[in-house]
Structures are given as structure tokens and as C-alpha cells.
Number of protein chains: 2
Amino acid sequence: MAETNGTGPATPEGPAASDGEATADGSATPDGQAAPAGPAAPDPPARARRRDAQRNQRSLLDAAAAVFVTSGVDAPVRDIAARAGVGIGTIYRHFPTRADLVVAVYRHQIDACAEAGPVLLAAGPTAHAALGRWVDLFADFLVTKHGLAAAMQGDAPGFEALHASFLERLLPVCADLLDAATAAGEIQAGVDAYQLMRGVGNLCAGAESDPRYDARRLVAVLVAGLAVPH
Amino acid sequence: MAETNGTGPATPEGPAASDGEATADGSATPDGQAAPAGPAAPDPPARARRRDAQRNQRSLLDAAAAVFVTSGVDAPVRDIAARAGVGIGTIYRHFPTRADLVVAVYRHQIDACAEAGPVLLAAGPTAHAALGRWVDLFADFLVTKHGLAAAMQGDAPGFEALHASFLERLLPVCADLLDAATAAGEIQAGVDAYQLMRGVGNLCAGAESDPRYDARRLVAVLVAGLAVPH
DNA sequence: TTGCAAAGCGGAACACGGTTCCGTATCGTC
DNA sequence: GACGATACGGAACCGTGTTCCGCTTTGCAA
């Protein structure tokens, strides 16, 4: 299994399986019902989620994480359900679209990536350098997840959601880095954060299965191309 | 490359239908039996292809071209067969894989793109500029074909072939441009023609369905990133 | 503890698209 | 016109996504 060894760099983060967090906090529920996280919920009528439901959701996340590693994010729904020991209906009830499942599985990694933005910006010698490093982080994340990058391009309505979820969290971070670099006069305007992230995502598609293709290098070239032609 | 229009939709280049070339020459036969290209075929016994077979192949190409425009290169096989007025079996007989069909449909456009390489190199002020312009041409080709770029990434074995066919024709052209620019000291080495084409292809994926994303601009940025940091 | 309704579950059934296979029709030749 | 080779058509099969509904489990309350 653990076939994340590409040409060298081995994934620094064990697949989300073992550390069972993900939806440990109730807020991860895919259907937007998570809202009342505050202790003072104004509407106590609704019963709490049933134990078995919570248990199943957890099982599904673990199973999905494992299956994604071996079969990519396009793995058959049935495979995931089987590994989780639940029925097909259950997976659809908890995660109406595949995007919901993918987002839930990788949520903590996305968060980590988002949090790294400001840190890199503060640490880097220049904003452009920080942007480069952050983009590398993002690219690593995408490349090491089989088919994730490819999945983010599809026209399929389900993946629109995936796209949106990723962007919602990471776009502001990327925008800050981009703005900082622009403000410092290090890069020329003309490419916004959305396009940059989309471009990076695209460059990473299919990278894991082609030894002749080094997505990270091309991503670096892309970022270099943003620099002002001094 | 007829359709280098910008965002304006409408395919200005009558799908390969009208100019009936494509497989007009026997060499286009999809099944790799073309190997012994040498003019001295040692076995004249085989009968010539039947008329109806030729006719059907032509119909399929026309139908595929039309369907690709409206439904993308992922259009259901049945749709293409139906439009061509033939059975499912026939399409598989003529084009064993989808890649064969796609390549056949776009062959003349690929050729045009390949031929433009040397011309641009001779005309451009610099090799780097010529490379940039040629890459634009390639990107236009990909972007205007629904899903073509995306199809070139898939792991599916069929698309491997597609990839290979495109590359076989265009890679040398791209390599020449790249070499010229490198020789002129205009760009830094480190990205070979294969990676560049793959990267451009990736950047173009899904571009047609997202107004916020301008693949051509990012491609330009990528090419700019190749320049030596003077 | 037991009863009961809500919540959740499982998986059969359906939809859809790719692919194969073989009986039949068509073509080209003798 | 007859005959063999060639090609055709589409039924059938498989794998996958998605829906739907009868049955089970859970948690509360009597």
C-alpha cells in the first residue's frame, strides 16, 4: 500500500486514517446542519445525532481515507461502503456527493495548508518567495492524493462543490500572499488568486502516474513567471 | 488552426466534416497495423477495404466531429454511432479506442500546429517569442475542444494512446523551439519539451467552462517563467 | 423495563455508458 | 448468379452511480 513514494519525497503525512479526527468535531457534518456549534443553541427541539450515525460517519471517513490512498479519490462508492462495513445508502446519507466525502477526509490537511500561509509570509525573505513556498505546499498536497487534482477540474456538478470547498478555505490565504507580493512590487498583477490556484491545481493533475512529468517543477516555473520582468 | 478566437464560442472551423481528409489516406487506420510504413509492402494479397467500410469510417469521423463540438470528446459512444447512422460494433471496429477516434478527427489540426512551429521560429524576433506564440496556438487548440485537454490527463489506458499520438507529432516541434531558445540563452534549461507540453495541456483543462479562468494567460505566465532571470 | 416513534440502515433496483460477440447482410469477385 | 470474405448491427454483459423503501436500531418516556 503506502505507495506514496514517487521519485523520492515520500509523503510526510500518514493518510488521515489512523488519527481519527476529521469529523471528531460535530462541525464537519457535510449537510450544513452543523451551524449551532455555540453552547447556547436557541433551538433544543431537534434530537442529537444518534450514536450509530456518528459511528458510521467515522467509519466512512476512515474507510474513504484508506481507499483513496490505494484507488484514488475516484474509487467506487461500493468499495468505500464495503470497507466501512456499511450499506450504500449510508454513504449517500452522510455524504450526498463525493465532494463532501473528499472534503471531509482532507479537511484537516486543507486547514494546515491554510494556516501555513500567514506563517510563511512572515518568515519568508520576500512575499514572492513565501508565495512560492506556499504554492509548493499546496502542490504537494494535491500530487500525493491520487487523482485529487484531476477531480478538481471535472465539469461534473459534484466536483464543482469540491472545488468550491477547497477554494473557500484556501483562496483568501492565497490572495493575501499574492497581494503582499504585488504590493511589494515583486510580481506583476494580472493573475488573481483564483486563477493561480486553478492553474496550480491543473498542473498537478495526473502527476503521480507519470515519472517523466514533474508537477512541482512546473509549478515553480509558473510562479517564477509571475515575477516582474525587471 | 482556424479557430483561434478568444472567448467567442461558435466553432468557426467546420468540424472536420466538410474537408474529407482525416483518414482519406490509408495510413490513418487506427489499429496499429501501419507499422511497415515502407512503400515496399511484401504482401499484396490482402483485398482492398470495402466501399461501405470506407463510407462508414467517413461517416463516423463526421459524426464524431459534430458530437465532440456539442458534447465534448467524452460524448457517449452510442451518440456518435447513432449520429453516424451505424451500429455500435462498427464504431469499435474502426476505432478500437476513443483515442483513435479523437486523433483521427483532429489529425489535420494537429498537423497544422506542427507545421506552424518552424514557421514561427523563422519569423519570430526571438526563439522565446516564437515558443510563446506556438504554445498559444497549441493552447487554443486544446481549449476550444471541449474536454480534450482534460482527456489527455486521464490514467485510463485509452488516453495514454491519445497522449502518445499527440506527442509523437508535436513533441519534436516543441523540442526544436525549446532548443533554439535555450541555445540563444533566452531560457534556462530544466524543463524539457515533454513537460512543457504536458503542463500546457494541463493548464488548458476545463478552461472552456469557467469564465473566471483564463488558461491562455496562465500559459503565457508559464512560458514567461522559463526565461532566464536576468 | 417496556413501548414507541423517530432516525438511521441496507441493499435491491434502476439508469447509463463502455465493451464484446456472433448471426446476418453486404460487397466484390469468379 | 454463386460464393467466400468482409463488415454490419445491436443484443447482452459488466461495472458504477443513484434512488427508494421496508426493516432495524436508538433513545426517550411512561
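Because the structure is a prediction, the values reported are computed rather than measured. Convention: sequence-line order gives letters A, B, ...; per-chain numbering from 1.
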Response to the item:
Result for 5'-nearest mapping on DNA chain D, choosing between Asp52(A) and Gln54(B), is Gln54(B)
Discussion item. Can you measure Gln57(A) atom CD to dG10(C) atom P for me and round it to whole angstrom units?
Written reply: 14 Å
Item to complete: Can you sort out the partners of Asp79(B) under salt bridge (Lys or Arg N to Asp or Glu O under 4.0 Å), two or more places apart, ordered by chain and number?
Response: none
Worksheet entry | For Arg50(A), side chain to side chain donor-acceptor pair (under 3.5 Å) partners two or more places apart | Asp52(A)
Discussion item. With a cut-off of less than 4.0 Å, is there a side-chain N or O of Asn56(A) near OP1 or OP2 of dC9(C)?
Written reply: yes
Fill in: 5' precedence on DNA chain C between Ala75(B) and Arg50(A) (nearest-nucleotide basis)
Arg50(A)
Practice prompt. Using a cut-off of strictly less than 4.0 Å, decide whether His94(B) has a side-chain nitrogen or oxygen near OP1 or OP2 of dA7(D).
Written response: no
Discussion item. Check this one for me: any side-chain N or O of Thr90(A) less than 4.0 Å away from OP1 or OP2 of dG10(C)?
Written reply: yes
Practice prompt. Please name all residues satisfying side chain to side chain donor-acceptor pair (under 3.5 Å) with Tyr92(B), sequence neighbours left out, ordered by chain then number.
Written response: none
Discussion item. Does dG17(D) have OP1 or OP2 under 4.0 Å away from a side-chain N or O of Arg98(A)?
Written reply: yes
Worksheet item: What is the nucleic acid contact for Arg51(B), judged by heavy atoms within less than 4.0 Å: base, sugar-phosphate only, or nothing?
Response: sugar-phosphate
Fill in: Between CG on residue Leu61(A) and CZ on residue Arg107(A), distance to nearest 0.5 Å
10.0 Å
Short N/O separations, protein against nucleotides 21-23 of chain C, under 3.5 angstrom:
none

Worksheet, complete the sentence: Note: Ala207(A) and Ala215(A) closest approach over all heavy atoms is CB-CB, 3.6 Å
Worksheet entry | Nucleotide of dA6(C), dG28(C), dG18(C) approaching Val77(B) most closely (side-chain heavy atoms) | dG18(C)
Worksheet item: Roughly, in whole Å, what's the span from CZ in Arg49(A) to C1' in dA7(C)?
Response: 11 Å
Worksheet item: With Asp136(A), which residues qualify under salt bridge (Lys or Arg N to Asp or Glu O under 4.0 Å), at least two apart?
Response: none
Worksheet item: How close or far is atom P of dC27(C) from atom CZ of Arg55(B), stated in whole angstroms?
Response: 6 Å
Fill in: Candidates dA12(D), dA7(D), dT25(D) - which lies nearest the side chain of Arg78(B)
dA12(D)
Identify every side-chain donor-acceptor pair in residues 165-178 of chain A under 3.5 Å, counting partners at least two apart or on other chains, and give the distances.
{"from": "Ser165(A)", "atom 1": "OG", "to": "Ala161(A)", "atom 2": "O", "distance (Å)": "3.1"}
{"from": "Arg169(A)", "atom 1": "NE", "to": "Asp111(A)", "atom 2": "OD1", "distance (Å)": "2.6"}
{"from": "Arg169(A)", "atom 1": "NH2", "to": "Asp111(A)", "atom 2": "OD1", "distance (Å)": "3.3"}

